[in-house]
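Throughout, residue positions are numbered sequentially from 1 according to the sequence presented.
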Amino acid sequence: FSRRTLLRGLGVSMALPWLESLSFAAGVRSNAGDEPPTRTLVTFTGMGFHSNHWWARGEGAGMELGPCLTPLEPWKERLVFLRGLWNEQANNGVIHCMQTGNMLSGASMSKTEVHTGVSFDQLMAQRIGDRTRIPSLVLGCEGPIPGLQDGHPLLYSSHISWSTAVSPTWTETRPALAFDRLFRTEPNRGDRRIVDAVLEDARSLRQRLSVSDRQRFEEYLGSVHEIEGRIKRAGQEREAGSWKPSLTAPDRPRPADGIPAEIPDYWKLMNDIVLLAFRTDSTRIATL
């Protein structure tokens with residue numbers, strides 16, 4: 001990376017989104033190579049959706065979407081829905097294990113020990129992961145589940161991304177650390193905010209940008225600052241006791257700082273971190 005594509009500060013390295021001004025300043029003509037790269041994001045939600053609400057009929061502008069899918073209405077002309085997929089190996093035991101652990105590989109899974117197949121996101125990372133600083137980003141909103149269910153390893157039900165047949169890919173469940181991985185070269189909770197740390201570099205760069213790029217640049221800095229603020233507030237809300245457990249006493253340790261109290265907020269925050277990773281080209285492959 002050069003200063004054209006990276007803002008630097010003490011303990012911080014902040015990649016930039018694509019900016020037209022920098023390409024021209026570097027003598028690069030606009031061509032297909034300037035277009036954003038193709039990215040792959042796999043998202044998985046356990047326990048499924050209401051079957052009567054999860055459907056799509058037709059195609060293109062005339063596509064009809066079921067209640068669960070109505071938020072995708074503005075993009076329906078870009079969507080492809082697949083029907084009739086069947087993974088025979090997923091029907092070979094306890095569903096929570098056997099319908100999760102090989103979702104991205106289709107490999108057979110041992111019932112007595114952890115052994116499945118490499119998931120396709122990690123095969124992609126092996127082939128093209130060296131094009132970005134992070135080969136693949138694997139995030140989650142739930143930690144691994146130890147133990148067995150009817151003799152089957154519950155580890156299968158905790159991971160859809162597998163680096164080897166016996167090793168699931170490390171899944172980061174803490175938003176603060178996922179965020180740090182994108183920007184901090186020396187993670188430290190006591191550091192200044194990311195944007196504050198690179199302010200001097202940002203001021204210098206801003207002077208070299210076109211009006212449209214300057215707006216895009218400001219929006220990007222604002223989004224980084226806003227997401228980092230949400231992570232910090234989530235931790236403070238936990239500290240302040242705003243999270244109300246349904247039990248008379250907690251039955252597990254309080255989650256680490258940076259984890260929102262409500263699952264929808266947690267999921268949204270992790271999605272926004274993936275978006276930042278793509279916008280900065282920190283990675284082109286993500287699993288959530």
> Less than 4.0 Å between a side-chain N and a carboxylate O, is that true for E172 and R174?
Replying inline: yes

>> Quick check: closest heavy atoms across L139 and A178, and the distance to 0.1 Å?
In response: CD2-CB, 3.7 Å

> Do M270 and V138 sit in the same hydrophobic cluster, where Ile, Leu, Val, Met, Phe, Trp and Tyr count as joined when their side-chain heavy atoms come under 4.5 Å apart?
Replying inline: no

>> A side-chain contact here means heavy atoms from C-beta on lying under 4.5 Å apart; do N87 and M103 qualify?
In response: no

>> Please say yes or no: joined through hydrophobic side-chain contacts below 4.5 Å, possibly via intermediate residues, are W267 and I273 part of one cluster?
In response: yes

>> Check whether E262 reaches the backbone of P264 with its side chain - one donor and one acceptor, N or O, closer than 3.5 Å.
In response: no

> Given side chains that start at C-beta, do those of H152 and L148 come closer than 4.5 Å, heavy atoms only?
Replying inline: no

> For the atom pair CG (L155) and SG (C97), what is the distance rounded to the nearest 0.5 Å?
Replying inline: 9.0 Å

> Where is the tightest heavy-atom contact between P144 and H159, given as atom of each residue plus distance?
Replying inline: CB-NE2, 3.8 Å

>> Looking at R39 and R284, would you say the former's side chain and the latter's main chain have a donor-acceptor pair under 3.5 Å?
In response: no

> If we ignore angles and hydrogens, is there a donor and acceptor under 3.5 Å between the side chains of T132 and D281?
Replying inline: no

>> Applying side chain to side chain contact (heavy atoms under 4.5 Å, CB included) to L123 and W162, what does each step give before you reach the verdict?
In response: CA-CA 9 Å; L123 290 174; W162 291 76; over 6 Å; no

>> Is there a side-chain contact between T43 and T45 in this structure, where contact means two heavy atoms from C-beta onward sitting under 4.5 Å apart?
In response: no

> Hey, are E142 and S158 close enough side-chain-wise for a donor-acceptor pair under 3.5 Å?
Replying inline: no

>> With a 4.5 Å cut-off on side-chain heavy atoms, are M98 and K111 touching?
In response: yes

> P153 and S110: which non-hydrogen atoms are nearest, and at how many Å?
Replying inline: CD-O, 4.2 Å

>> Regarding E88 and W86, do their side chains bring together a donor and an acceptor under 3.5 Å, going by distance alone?
In response: yes

> If you round to the nearest 0.5 Å, how far is CZ of F81 from CE of M63?
Replying inline: 6.0 Å

> Is there a side chain to side chain contact (heavy atoms under 4.5 Å, CB included) between V118 and Q126 once you walk through the steps?
Replying inline: CA-CA 11 Å; V118 179; Q126 292 170 16; 4.1 Å; yes

>> Do P135 and I285 make a side-chain contact, defined as non-hydrogen atoms from C-beta onward lying under 4.5 Å apart?
In response: no

> Do L137 and F44 belong together in a cluster built from hydrophobic side chains that touch within less than 4.5 Å?
Replying inline: no

>> Run the side chain to side chain contact (heavy atoms under 4.5 Å, CB included) test on R181 and S282 for me, step by step, so that the C-alpha distance in whole Å, both residues' side-chain angles and the decisive distance to 0.1 Å come before the verdict.
In response: CA-CA 9 Å; R181 190 178 178 197; S282 297; over 6 Å; no

> Does CZ belonging to R206 count more than 12 external heavy atoms closer than 6.0 Å?
Replying inline: yes

>> Students often mix this up, so state it plainly: with edges at 30° and 60°, are the rings of H50 and H53 parallel, tilted or perpendicular?
In response: parallel

> Counting N and O atoms only, with roles assigned by atom type, does the side chain of S167 sit under 3.5 Å from a partner on the main chain of S163, one being a donor and the other an acceptor?
Replying inline: no

> Side chain of T283, backbone of I134: donor and acceptor closer than 3.5 Å?
Replying inline: yes

> Short question: side chain of Y156, backbone of H115 - any donor-acceptor pair under 3.5 Å?
Replying inline: yes

> Do L104 and M124 share a hydrophobic cluster (ILVMFWY, side-chain heavy atoms under 4.5 Å, transitive)?
Replying inline: yes

> With side chains defined as the heavy atoms from C-beta onward, is the minimum distance between W55 and E64 less than 4.5 Å?
Replying inline: yes

> So, does D213 use its side chain to make a donor-acceptor pair with the main chain of L209 at under 3.5 Å?
Replying inline: no

>> Nearest 0.5 Å, please: how far is CD in Q122 from OG in S105?
In response: 12.0 Å

> Do you know the tightest heavy-atom contact between S223 and L276?
Replying inline: OG-CD2, 3.9 Å

> Taking the side chain as C-beta and beyond, is there a heavy-atom pair between F183 and E228 under 4.5 Å?
Replying inline: no

Review item, side-chain donor-acceptor pairs of residues 65-73, under 3.5 Å, at least two apart:
unit_1, atom_1, unit_2, atom_2, d
T70, OG1, P67, O, 3.0
E73, OE2, K76, NZ, 2.6

>> Using modelled atom types and a 3.5 Å cut-off, is there a donor and acceptor pairing between side-chain atoms of Y266 and backbone atoms of T173?
In response: yes

> When clusters are formed by joining ILVMFWY residues with side-chain heavy atoms under 4.5 Å apart, either directly or through shared neighbours, do F120 and W170 land in the same one?
Replying inline: no

>> Between the side chains of D265 and K268, is the shortest nitrogen-to-carboxylate-oxygen separation below 4.0 Å, so that they form an ion pair?
In response: no

>> In the structure I gave you, are the side-chain heavy atoms of L41 and V274 within less than 4.5 Å of one another anywhere?
In response: yes

> Are any side-chain N or O atoms of N102 and backbone N or O atoms of A107, one a donor and one an acceptor, separated by less than 3.5 Å?
Replying inline: yes

>> If you apply the rule side chain to side chain contact (heavy atoms under 4.5 Å, CB included), what do you find for D121 with T40, and how did you get there?
In response: CA-CA 8 Å; D121 64 314; T40 295; over 6 Å; no

> Going by side-chain heavy atoms closer than 4.5 Å, which hydrophobic residues are tied to I145, directly or by a chain of links?
Replying inline: L154

>> Run T287 and S161 through side-chain hydrogen bond (donor to acceptor under 3.5 Å, both in side chains) and show every step you take.
In response: CA-CA 7 Å; T287 309; S161 181; 4.6 Å; no

